[in-house]
2 protein chains.
Amino acid sequence: MPIELTASQALGLWHGVTLDQVRHDERDLTLRQLAILLHIYLVPPPHTVRGLAAELNVTKPVITRALDTMGEMGLVDRMRDERDRRNVVIKRTVGGALYLEKLGDLVREHGRRQSP
Amino acid sequence: MPIELTASQALGLWHGVTLDQVRHDERDLTLRQLAILLHIYLVPPPHTVRGLAAELNVTKPVITRALDTMGEMGLVDRMRDERDRRNVVIKRTVGGALYLEKLGDLVREHGRRQSP
DNA sequence: GGAAAATGGAACGCAGGCGTAACGATGTTC
DNA sequence: GAACATCGTTACGCCTGCGTTCCATTTTCC
């Protein structure tokens with residue numbers, strides 16, 4: 001069932017979540033980094049650097065650097081593909097799942113606060 | 001009436017909108033810049049640099065620079081407060097309203113695409 | 001009127017993301 | 001097996017946002 005939002009609800013939702021994110025903001029992900037993270041966790045694997053770059057319409061180094069940064073944060077992991085060793089498969093981590101779980105909760109919480 | 005979202009819907013919504021934003025990405029606002037913009041347009045005026053800084057839990061120069069950047073983009077305007085000339089009042093613009101209108105549409109569109 | 005406080009902005013050096021262009025490693029083709 | 005293609009990464013110079021600190025202007029308070 002689709003979610004019907006008024007214009008005011010849509011922006012109010014975005015406002016609330018963004019505000020919370022900025023206020024507490026431990027990790028401070030770029031919009032691109034967040035998009036990559038969400039893509040990795042919500043779209044069925046496998047994910048490769050080239051695939052993500054094409055999917056998000058960005059250059060390859062953008063993906064590499066985002067994986068570097070988020071890898072250090074423990075949000076994501078990388079492994080060489082043993083079947084074609086040119087490829088790198090991007091792996092999910094417990095930390096990443098937790099991060100997105102919190103984000104999801106934040107969205108739901110602010111959704112509940114909206115009035116029509 | 002509150003909006004009830006499942007965890008999957010919440011993240012799916014965020015994913016879709018973020019992805020669209022990254023893919024087309026004309027202006028490429030920082031998360032902080034977006035939070036400031038939304039705050040200016042959704043919370044009743046007047047807005048001052050100091051007030052916004054306190055509200056978002058960031059330092060003053062962050063607000064000043066964000067207003068510089070978004071001012072050049074035509075999303076926001078600044079005027080000296082004539083009653084207390086130390087203050088600067090932040091003004092909305094047609095460009096900013098249009099930008100947020102599009103963002104709202106994007107959110108609503110992706111909301112409609114979610115399944116429970 | 002003069003000291004103190006408040007406001008927004010500028011200056012500084014720093015950190016990190018950006019796109020382009022290369023590179024090494026691996027796989028494919030003939 | 002030699003040439004070519006593909007993949008992820010690195011190197012480079014650039015740009016922009018960051019926090020701290022300081023400053024000029026304006027207001028408030030005795």
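Atoms considered below: every heavy atom in the structure, side chains included; atoms not considered: hydrogens, waters and symmetry mates.
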So that I can tick it off, tell me whether B:Lys102 and B:Asp20 are bridged by a salt bridge, with the cut-off set at under 4.0 angstrom between side-chain N and carboxylate O. no

Side-chain atoms of A:Pro61 come closest, of C:dA21, C:dG8, D:dT21, to C:dA21

Atom CD1 of B:Ile63 and atom P of C:dA6 are separated, to the nearest Å, by 19 Å

task = Return no unless some side-chain N or O of B:Arg85 is found under 4.0 Å from OP1 or OP2 of D:dT26.
result = yes

Checking C:dG8, C:dG19, D:dT26 against the side chain of A:Thr59 (C-beta onward), the nearest is C:dG19

Between CG of B:Asp84 and C1' of D:dC29 the distance, given in whole Å, is 15 Å

Notebook entry, point to check: Do the side chain of B:Gln33 and the main chain of B:Thr30 share a donor and acceptor less than 3.5 angstrom apart?
Noted result: yes

Quiz item: Under 4.0 Å between a side-chain N/O of A:Thr64 and OP1 or OP2 of D:dT9, yes or no?
Solution: yes

Check this for me: B:Glu72, atom CD, are more than 12 non-hydrogen atoms of other residues, nucleotides or ligands nearer than 6.0 Å?
no

B:Arg83 atom CZ is separated from C:dT7 atom P, nearest whole Å, by 16 Å

Any side-chain N or O of B:Arg32 under 4.0 Å from OP1/OP2 of D:dC18? yes

| message | With a cut-off of less than 4.0 Å, is there a side-chain N or O of B:Arg86 near OP1 or OP2 of D:dT27? | response | no

Hey, is the side chain of A:Asn87 poking within less than 4.0 Å of OP1 or OP2 on D:dT6, counting only N and O atoms? no

Against the side chain of A:Gln33, the closest entry in C:dG17, D:dG8, C:dA10 is C:dG17

Result for side chain to side chain contact (heavy atoms under 4.5 Å, CB included) between A:Val49 and one of A:Thr64, A:Asn87, A:Val62 points to A:Thr64

Problem - side-chain N/O A:Arg78 vs D:dT9 OP1/OP2, d < 4.0 Å - result: yes

Whole-Å distance, B:Leu67 CG to C:dA10 C1', equals 15 Å

Rounded to whole Å, CZ of A:Arg80 lies from C1' of D:dT6 at a distance of 12 Å

query: Is the shortest side-chain N/O distance from B:Thr30 to OP1 or OP2 of D:dT16 below 4.0 Å?
result: no

Rounded to whole Å, CD1 of B:Ile90 lies from P of C:dT7 at a distance of 13 Å

Quiz item: Checking B:Arg23 side chain against A:Glu55 main chain: does a donor-acceptor pair fall under 3.5 Å?
Solution: yes

Looking only at C:dC18, C:dG8, D:dT9, the nucleotide nearest the B:Thr48 side chain is C:dG8

Establish whether the base of D:dG8 is bridged to the side chain of A:Arg65 by a donor-acceptor pair shorter than 3.5 Å.
-> no

The answer to which of A:Lys60 and A:Glu82 contacts DNA chain C further toward the 5' end, by nearest nucleotide, is A:Lys60

Rounded to whole Å, the CG-P distance (A:Asp68 to C:dC18) equals 12 Å

Whole-Å distance, B:Met70 CE to D:dT16 P, equals 16 Å

Any donor-acceptor pair under 3.5 Å linking the side chain of B:Thr93 with the backbone of B:Leu75? yes

